Amino acid sequence: MKSSIISTGSYRPKQVVSNFDFEGIMETSDAWIVQRTGIRQRLFEDESSVRMATEAARNALENLDASSIDCIIVATYTPDSFIPTIANQVRAHLGITNPIPSFDINAACSGFVYAYQTAHAYIASGIYKRILVVGVDFNSRYLDFSDRATSILFGDGAGAIVMEAGITGSIDCILGGETDTLETIRMQNMSDHGNPFVSRPLTDSSYFEMKGAEVFKFAVRVMESSVHAILERNKLTSEDVDLVISHQANQRILDSGARALKMPKEKFLSNVAEVGNTSSASVPLLLDEANRKGQLKPGMKIILVAFGGGLTYGTALLEWVA
Ligand code: COA
């Protein structure tokens, strides 16, 4: 059994913050940010991850009956609360009263591709038939605005898809990670209130921290190797790929990936200039944008690829059906 994406949706926060706005709070310039990253602005949320996830889900369900969903998976590293999960709350806000499972997963910026593969596995095994998958992150809550190399990169947002059992759609997926890179991206958190019986070090930083240059090299390397691997094991070449929906971290990473894979830059869709890096929301936000613009045609071969904290990566190859 295959899984197909039958619908997409997204939510973009209203607050637009340009590079020029950053010039007002730190030693930086629009020219530096555009030249190093391609980012011109990002969108910042003023409410919650749950609001963003729910709005993206509603958008994906605009022509579907929410009660037909039999599982909800949310990819995020920035839930408003650990319990209830974002997925629990989305289910409630959508008014789903059936006792369906709903849960969050976290693989940082690779999270959406991990959630996609999880949903696919449930569908392919016949356990569930129609799954709502959401990617959402509220990055701006954890940014250190005194760290100019990191805070300029990120924005907030949510994207959603509905997947269901079908005869075409999914082709393959590769997930992976590296163990010698645990310190490359960190967000320590969470509040440790201490324990009167156990002495242990308490964490004191909940800022998002990143070694940018190392992440850059990792991203270009795994984008090339994982896309090569998925094409090779399906006896395809980069010429067979119609579009790449990559995690939107930096325009230079996208351009380097295209060069390394010998693909025209036009095949790598991009919205990083307008939304920045939205972590788990990045791939589904761009997928929804492309879908609504009519850029995705039935039968097209599409690569989804993401990379990030862990360090982790994921690449999916699919045929567009919706
Ligand atoms: N404005 C102006 N100058 C800045 C700056 C900013 N916002 N941020 C850093 N700089 C300065 C640095 O202080 C440094 O100055 P120095 O040479 O005087 O010490 C100089 O620019 C170069 O810094 P460096 O960190 O080497 O720049 P870079 O070319 O590696 O670019 C990133 C920094 C973060 C843009 C780049 O490494 C990157 O995009 N990495 C990928 C990160 C990413 O996408 N992560 C998410 C993956 S999920």
Side-chain angles (χ1 to χ4, degrees), residues 17-42 75-78 106-115 135-140 142-157 159 175-178 181-187 207-224 226 244-260 268 270-286 304-315:
V17 177
S18 72
N19 294 343
F20 296 105
D21 294 325
F22 269 75
E23 287 181 6
I25 63 158
M26 62 175 67
E27 197 61 39
T28 190
S29 67
D30 173 64
W32 191 95
I33 300 172
V34 171
Q35 195 251 330
R36 301 290 176 118
T37 71
I39 296 167
R40 293 182 183 277
Q41 61 174 46
R42 68 289 292 145
T76 188
Y77 83 97
T78 54
N106 173 5
C109 292
S110 311
F112 181 78
V113 181
Y114 276 63
V136 60
D137 270 313
F138 199 159
N139 287 316
S140 64
Y142 301 100
L143 295 176
D144 175 357
F145 286 93
S146 68
D147 174 0
R148 62 181 180 164
T150 302
S151 58
I152 49 111
L153 299 171
F154 293 90
D156 305 325
L175 304 180
E178 298 189 350
T181 48
L182 295 176
E183 301 297 320
T184 312
I185 301 179
R186 284 182 69 86
M187 201 182 89
Y207 284 135
F208 183 98
E209 298 165 286
M210 181 178 69
K211 296 177 183 160
E214 283 177 32
V215 180
F216 193 103
K217 285 185 216 141
F218 167 79
V220 175
R221 177 163 54 78
V222 295
M223 189 190 294
E224 182 186 5
S226 66
V244 178
I245 309 277
S246 169
H247 172 46
Q248 303 286 296
N250 180 322
Q251 189 59 45
R252 282 166 54 223
I253 294 177
L254 300 178
D255 294 347
S256 304
R259 254 195 320 276
F268 275 66
S270 172
N271 64 3
V272 71
E274 296 95 53
V275 300
N277 181 341
T278 58
S279 300
S280 310
S282 182
V283 167
L285 254 178
L286 183 59
L304 310 181
V305 57
F307 42 83
L311 296 174
T312 55
Y313 60 89
T315 299

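Order of appearance sets the numbers: ligands from 1, and atoms from 1 within every ligand. Just the heavy atoms: all of them, side chains too, but no hydrogens, waters or symmetry mates, feed the values below. Because the structure is a prediction, the values reported are computed rather than measured.
- From the protein, the heavy atom lying nearest to atom 25 (O) of ligand 1 is Ala149 CB, 4.8 Å.
- Listed by number with element, the atoms of ligand 1 under 4.0 Å from a non-hydrogen atom of His247 are 48 (S).
- Under 4.0 Å from ligand 1, not a single heavy atom of Met26 appears.
- Among Arg148, Arg36, Glu214, the residue whose heavy atom lies nearest to atom 29 (O) of ligand 1 is Arg36.
- Per-atom contact check: atom 37 (O) of ligand 1 touches the protein, criterion being a heavy-atom distance below 4.0 Å.
- Atom CZ of Arg40 is surrounded by 12 or fewer heavy atoms from other residues, nucleotides or ligands within 6.0 Å.
- You'll find the side chain of Tyr207 stays beyond 4.5 Å of the side chain of Thr150, heavy atoms only.
- Applying the 4.0 Å criterion to heavy atoms of Asn250 picks out, from ligand 1, the atoms 38 (C), 39 (O).
- Atoms of ligand 1 found under 4.0 Å from any heavy atom of Ala249 (numbered from 1 in listed order, with element): 44 (O).
- The aromatic rings of Phe307 and His247 stand perpendicular to each other, their planes meeting at an angle above 60°, with 30° marking the opposite boundary.
- Summarising the geometry, atom CE belonging to Met210 is positioned 5.0 Å from atom CG belonging to Leu153; distances are rounded to the nearest 0.5 Å.
- Here the protein heavy atom with the shortest distance to atom 47 (C) of ligand 1 is Val215 CG1, 3.4 Å.
- Every atom of ligand 1 with a heavy atom of Cys109 under 4.0 Å away is listed here by number and element: 48 (S).
- Across Arg252, Glu23, Met210, heavy-atom proximity to atom 43 (C) of ligand 1 is greatest for Met210.
- Nearest protein heavy-atom contact of atom 40 (N) of ligand 1 is Gly212 O, 2.9 Å.
- In terms of protein heavy-atom proximity, atom 46 (C) of ligand 1 is nearest to Asn277 ND2, 3.4 Å.
- Residues Ala75 and Ser280 approach most closely at O-CB, 3.4 Å, considering heavy atoms.
- The ligand atoms of ligand 1 that sit less than 4.0 angstrom from a heavy atom of Phe307 are 48 (S).
- Every atom of ligand 1 with a heavy atom of Thr37 under 4.0 Å away is listed here by number and element: 35 (C).
- The CG atom of Asp30 lies 11.5 Å from the CD1 atom of Ile39; values are rounded to the nearest 0.5 Å.
- Between the side chains of Tyr77 and Asn139, at least one donor N or O sits under 3.5 Å from an acceptor N or O.
- Closest heavy-atom approach to atom 31 (O) of ligand 1 within the set Trp32, Phe216, Phe22: this belongs to Trp32.
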Walk me through whether Lys217 and Glu214 qualify under salt bridge (Lys or Arg N to Asp or Glu O under 4.0 Å).
CA-CA 5 Å; Lys217 285 185 216 141; Glu214 283 177 32; over 6 Å; no
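- Between the CZ atom of Arg221 and the OH atom of Tyr313 there is a distance of 9.0 Å, given to the nearest 0.5 Å.
- Atom 16 (P) of ligand 1 is never approached by the protein to below 4.0 angstrom, counting heavy atoms only.
- For ligand 1, the polar-atom distance check finds an N/O of Thr28 within less than 3.5 Å of one of the ligand's N/O atoms.
- Distance check for atom 19 (O) of ligand 1: every protein heavy atom is found at 4.0 Å or beyond.
- Interatomic distance, CG of Asp137 versus CZ of Phe112, reported as 12.5 Å (0.5 Å rounding).
- A distance of 11.0 Å separates CZ of Arg42 from OG of Ser140, quoted to the nearest 0.5 Å.
- Ala213 counts as a contact of ligand 1, since one of its heavy atoms falls under 4.0 Å from the ligand.
- The CG atom of Asn19 sits 6.5 Å away from atom OG1 of Thr37, with the distance rounded to the nearest 0.5 Å.
- Contacts between Thr150 and ligand 1, counted as non-hydrogen atom pairs separated by less than 4.0 Å, are absent for every part of the residue.
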